[in-house]
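Just so you know, these numbers use all the heavy atoms, side chains as well, and skip hydrogens, waters and symmetry mates. Just so it is clear: chains get the letters A, B, ... in the order the sequence lines come, proteins before strands, and each one is counted from 1.
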Amino acid sequence: MEKITAVKGMKDILPADAPVWHQVELTARRIFERFGFCEIRVPIMEKTSLFQRSIGETTDIVEKEMYTFCDRDDELLTLRPEATASIIRAYIEHNLAGVEPVTKLFTIGPMFRRERPQKGRFRQFHQIDVEVFGDNSPASDAEVIFMLMHFLKETGLTELSLEINSLGCGTCRPAFSQAVVDYLKGSEEALCPDCRRRIVTNPLRVFDCKVETCASVIDGAPRIPDYLCPDCNEHFSTVQSLLADLQLDFALNPKMVRGLDYYTKTAFEVKSGALGAQNSLAGGGRYDGLVRFLGGPDVSGIGFGIGMERLIACLPSGAESAGRTDLFIAALGSRAQKRGFRLTHELRAAGIAAAMDYGDKSLKSQMKRADKLNSAYTLILGDKEIDEQRAELRDMSTKQQQSLPLKDIAQALMNILKER
RNA sequence: GUGGGUGUAGCUCAGCUGGUCAGAGUGCCGGGUUGUGGCCCCGGAGGUCGAGGGUUCGAACCCCUUCACUCACCCCA
């Protein structure tokens, strides 16, 4: 029979890996809540038009990477390729703008993009996503960036580099875009085929082409900072000084562009070495016109996404120990099995991690099992002990054993285990 | 979608110029201890050598096809 495997680019998170994921999520919740963010959970599927409108019809994501299918009633649905659009949809749909002036949200979950998998890139991947609505102050930018960096450090990451840029707004970006297009058209011959195509599709993308000849062409290109309008300029310089006040190291990267159409003003990205070609751990920026564009109130927005697989790949490989077991009950004989089963569950119900083997195994084999489970104690309970109304409790690290009366043994064990 | 690399035991991998080449380590199970774990010793289970076809007296090894995984490009978290 043909073996059924997981879908390409979709990974199982096995029991051995789950603790790390759990830890990262826990850290995110703890820190984000401290900064005043609330969790929101949104569906992983939306109507296709939501993504078409928010991300941009001509972006790669919408053009060729979405998992889109026709529902039974002929409606087009899409597995979310990112979280921002869904959160904005929910924000508008439930009129969260009316609840409070500034809304600070985060969500954690899977995203889907149908790309060719490679290191740090999967078709189902997980993001920690943060959004702030209703605050257009540069302080909001600095707060969000600071929180991102603080969180990443808190998970145990080092060697992070933060890059920021301003992409301008609706009044100043078009002029810049046009200037870049004009410039590139002048030196089209020197560009790689990809970049020649980009002049039409996404001119700003030429800025981070890796081909050397393109890079030298782009060195002489117009630069965003020279084109920012007074408002954007002022906003960006305030963001920088606030970040400096917060003692945050960052690098200005005027070549940084972002793939999604909706970004305005501040854009930022966190990179890490030792990740392979896909070295961007997190990225985000401001999107001041988007909520309104999607039919909501005219509120500003800023947010970022963190790639969890990439983050975890960067984490120092601290061998997290397996789950702990407080007590292993080694039962010998059928009466002992029955008594042990009852005791195991009495203890579990009382909050103790108790384990036992249900097979008819030798004591040696059960001791091995207890050892494998990293059990603190083993309770040896044979039919012999049942006859004598007692049980042997062995401390697995000191090898010391004591005899306990079977009467009220659950309570006695709980007292002993609580002392640890 | 395009290009490179790799497919042998649950896992990590040996396997020479085609001729005992179906192997090691680890993990799993059992024994050495009539009822006591880790270390050590011994034994056992487990593989259509990714799949299909071809060359040959003979293929894990050579050729073709195909699939999967992986890395990179495009693009992004």
Side-chain angles (χ1 to χ4, degrees), chain A residues 1-9 11 14 16 55 58-65 80-84 108-130 148 152 192-195 197-198 201-202 205 208-211 256-260 268-272 275-284 303-314 328 330-333 336 357 359 361-385 391-401:
Chain A
M1 192 164 65
E2 198 187 338
K3 190 160 45 168
I4 298 177
T5 60
V7 176
K8 184 198 282 288
K11 302 288 186 188
L14 297 174
I55 299 171
T58 61
T59 57
D60 274 32
I61 291 179
V62 171
E63 273 184 351
K64 53 185 195 189
E65 293 174 1
R80 64 180 181 193
E82 55 110 46
T84 304
I108 301 175
M111 309 295 157
F112 304 84
R113 290 183 202 172
R114 200 184 184 292
E115 303 175 90
R116 200 67 177 266
Q118 70 185 71
K119 191 177 181 66
R121 158 181 298 161
F122 310 96
R123 289 185 174 184
Q124 172 173 336
F125 60 102
H126 297 76
Q127 279 192 353
I128 298 173
D129 195 84
V130 165
L148 168 61
L152 292 175
C192 70
D194 277 331
C195 282
R197 178 176 52 77
R198 287 181 180 124
T201 58
N202 195 350
R205 269 276 148 220
D208 50 18
C209 181
K210 283 155 192 151
V211 179
M256 181 175 74
V257 293
R258 302 213 49 84
L260 286 57
F268 51 95
E269 197 166 317
V270 182
K271 290 180 183 172
S272 165
L275 249 192
Q278 310 305 323
N279 63 352
S280 174
L281 264 185
F304 62 77
I306 304 169
M308 291 186 75
E309 282 83 357
R310 291 182 187 180
L311 190 165
I312 286 167
C314 289
F328 187 91
L332 294 157
D357 215 321
K361 298 279 188 66
S362 70
L363 179 59
K364 173 172 176 163
S365 141
Q366 296 193 62
M367 291 296 291
K368 278 188 174 177
R369 186 83 193 127
D371 192 53
K372 186 126 275 167
L373 291 175
N374 217 344
S375 187
Y377 291 89
T378 298
L379 187 76
I380 298 162
L381 179 67
D383 283 352
K384 188 172 92 187
E385 280 79 9
E392 290 284 315
L393 182 66
R394 180 181 178 85
D395 183 320
M396 293 300 275
S397 49
T398 66
K399 297 179 160 187
Q400 304 234 305
Q401 281 186 204

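If you take OG1 on A/Thr398 and OH on A/Tyr377, they are separated by 7.0 Å, rounding to the nearest 0.5 Å. Between atom CD1 of residue A/Ile61 and atom CD of residue A/Glu82 there is a gap of 6.5 Å, rounded to the nearest 0.5 Å. To the nearest 0.5 Å, the span separating CE on A/Met308 from CD1 on A/Ile108 amounts to 6.0 Å. Here the CD-CZ distance, from A/Gln127 to A/Arg310, works out to 9.0 Å after rounding to the nearest 0.5 Å. In this structure, CD on A/Glu115 lies 8.5 Å from NZ on A/Lys64, to the nearest 0.5 angstrom. To the nearest 0.5 Å, the span separating NE2 on A/His126 from CD on A/Glu309 amounts to 6.0 Å.
As a whole-Å value, the separation of A/Gln127 CD from B/A77 P is 7 Å. Summarising the geometry, the separation between CG on A/Leu373 and C1' on B/G27 is reported as 15 Å, rounded to the nearest angstrom. Rounded to whole Å, the distance from CG on A/Asp129 to P on B/A77 is 10 Å. The distance between atom CG of A/Asn279 and atom C1' of B/C71, rounded to the nearest whole Å, is 15 Å. Taking atom CD on A/Glu63 and atom P on B/G1, their separation rounds to 16 Å, with Å as the unit. What separates CD of A/Gln124 from C1' of B/A77 is a distance of 14 Å, to the nearest Å. Residue A/Glu115 contributes atom CD, which lies 9 Å from atom P of B/A77 at whole-angstrom precision. One interatomic measurement links the two molecules: CZ of A/Arg80 to P of B/A77, which rounds to 14 Å at whole-angstrom precision.
Put simply, the side chain of A/Val7 does not reach to within 4.5 Å of the side chain of A/Gln124, judged on heavy atoms. Side-chain contact between A/Leu148 and A/Phe268 is present, with heavy atoms from C-beta onward closer than 4.5 Å. Contact check for A/Phe125 versus A/Arg113: side-chain heavy atoms found under the 4.5 Å cut-off. Residues A/Ile306 and A/Leu152 are in side-chain contact: their nearest non-hydrogen atoms beyond the backbone lie under 4.5 Å apart. Inter-residue side-chain proximity for A/Ser362 and A/Met367 is flagged as unmet; no heavy-atom pair is nearer than 4.5 Å.
Spacing between B/G52 and B/U70 at atom P, rounded to whole Å, works out to 23 Å. The P atoms of B/U8 and B/A51 are separated by 10 Å, rounded to the nearest whole Å. One C1' atom belongs to B/U65, the other to B/A22, and the distance between them is 26 Å to the nearest Å. B/C73 and B/U26: their C1' atoms are spaced 38 Å apart (whole Å).
Here A/Gln118 reaches the OP1 or OP2 of B/A72: one of its side-chain N or O atoms lies under 4.0 Å away. Close to B/C69, at under 4.0 Å from its OP1 or OP2, lies no side-chain N or O of A/Lys11.
A/Gly305 and A/Asp129 get closest at one heavy-atom pair: CA-OD1, 3.9 Å. Shortest non-hydrogen contact noted between A/Met111 and A/Pro81 is CB-O, 3.8 Å.
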Exercise. Summarise protein proximity over nucleotides 42-51 of chain B in one line of letters, 5' to 3': B for base, S for sugar-phosphate only, - for none, counting protein heavy atoms closer than 4.0 Å.
Key: ----------
Self-check item: Nucleotide-resolved protein contact map, nucleotides 30-41 of chain B, B/S/- at heavy-atom distance under 4.0 Å
Solution: S-B--BBBB---
Quiz item: Given the rule that a pair is Watson-Crick or G-U wobble with both distances under 3.5 Å, how would you write RNA chain B in dot-bracket, using | for pairs to a different strand?
Solution: (((((((..((((.....[...)))).(((((.......))))).....(((((..]....))))))))))))....
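Residues that satisfy the side chain to side chain contact (heavy atoms under 4.5 Å, CB included) test with A/Lys361, not counting sequence neighbours, are A/Asp357, A/Ser365, A/Gln366. Here A/Glu392 pairs with A/Arg390 under the salt bridge (charged side-chain N to carboxylate O under 4.0 Å, His left out) rule; sequence neighbours left out.
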Polar atoms only, N or O, under 3.5 Å: list the protein pairs with nucleotides 2-8 of chain B and their distances.
{"residue": "B/U2", "atom": "O4", "partner": "A/Arg116", "partner atom": "NH1", "Å": "2.4"}

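Among the protein residues, A/Ala277 comes within range of the sugar-phosphate backbone only, with heavy atoms under 4.0 Å from sugar or phosphate atoms but none that close to a base. Residue contacts for A/Phe304: at a heavy-atom cut-off of 4.0 Å it reaches no nucleic acid atom on any strand shown.
Residue A/Ala6 is the one, among A/Ala6 and A/Glu65, whose nearest nucleotide of RNA chain B lies closer to the 5' end (criterion: closest heavy atom). Take the nearest nucleotide of RNA chain B for A/Ile61 and for A/Thr5: the residue whose nucleotide is more 5' is A/Thr5.
In terms of polar N and O atoms assigned as donor or acceptor, the side chain of A/Gln278 never comes within less than 3.5 Å of the base of B/A72 in a complementary pairing.
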